[in-house]
Amino acid sequence: MYNQGPREMFNVDLSCAKCGTHISQLPFQPSGDRPVFCQDCNRAHRDERNGGARPQKRMFDVDVNCAGCNTHITQLPFEPKAGTDIFCRECYLKNKE
Ligand SMILES: [Zn+2]
Ligand SMILES: [Zn+2]
């Protein structure tokens, strides 16, 4: 019969192969020939395999006018460089064509 109680933890004395965090308990017996990762790295690894935790697109608050149509732009998905022409989304897409 399976023990339905809390998962058995193995006491270990290892370091995460990725970030070096000390690991004192594992939900499985380490085999010794495989790198062991801490919970955080394991989760990150799993997220990566699932296509990654989708990074939220960061928007920059700006106060510029489109160099093409002069539309006022208040947000950009990138940090505008001084001296560069900034285009609104429509002009940007048009320029790309
Ligand atoms: Zn780690
Ligand atoms: Zn424009």
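Counting convention: from 1, in listed order, for ligands and their atoms alike. None of these values were measured; they are calculated from a predicted model.
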Val62 side chain near Thr74 side chain, heavy-atom distance below 4.5 Å: no
I'd like to verify the contacts: list protein N, O or S atoms under a distance of 2.8 Å from the Zn ion (ligand 2). Cys66 SG, Cys69 SG, Cys88 SG, Cys91 SG
Which heavy-atom pair separates Asn65 from Asn70 by the least distance, and what is that distance? CB-OD1, 3.5 Å
Between Asp13 and His22, is there a side-chain heavy-atom distance shorter than 4.5 Å? yes
Rounded to the nearest 0.5 Å, the NZ atom of Lys94 sits from the SG atom of Cys88 at a distance of 7.0 Å
Going through the distances and angles, do Asp63 and His72 end up as a side chain to side chain contact (heavy atoms under 4.5 Å, CB included)? CA-CA 7 Å; Asp63 181 21; His72 188 224; 2.5 Å; yes
Lys81 NZ to Ile86 CD1 distance, which is reported to the nearest 0.5 Å: 9.5 Å
Spacing of CD1 belonging to Ile73 relative to CG belonging to Asp61, to within rounding of 0.5 Å: 13.0 Å
Restricting to non-hydrogen atoms, name the atom on Met9 and the atom on Pro27 that form the minimum distance, rounded to 0.1 Å. SD-CA, 3.6 Å
What count do you get for protein N, O or S atoms closer to the Zn ion (ligand 1) than 2.8 Å? 4
Taking all atoms of both residues into account, what is the closest heavy-atom pair of Asn11 and Gln25, and its distance? OD1-NE2, 3.1 Å
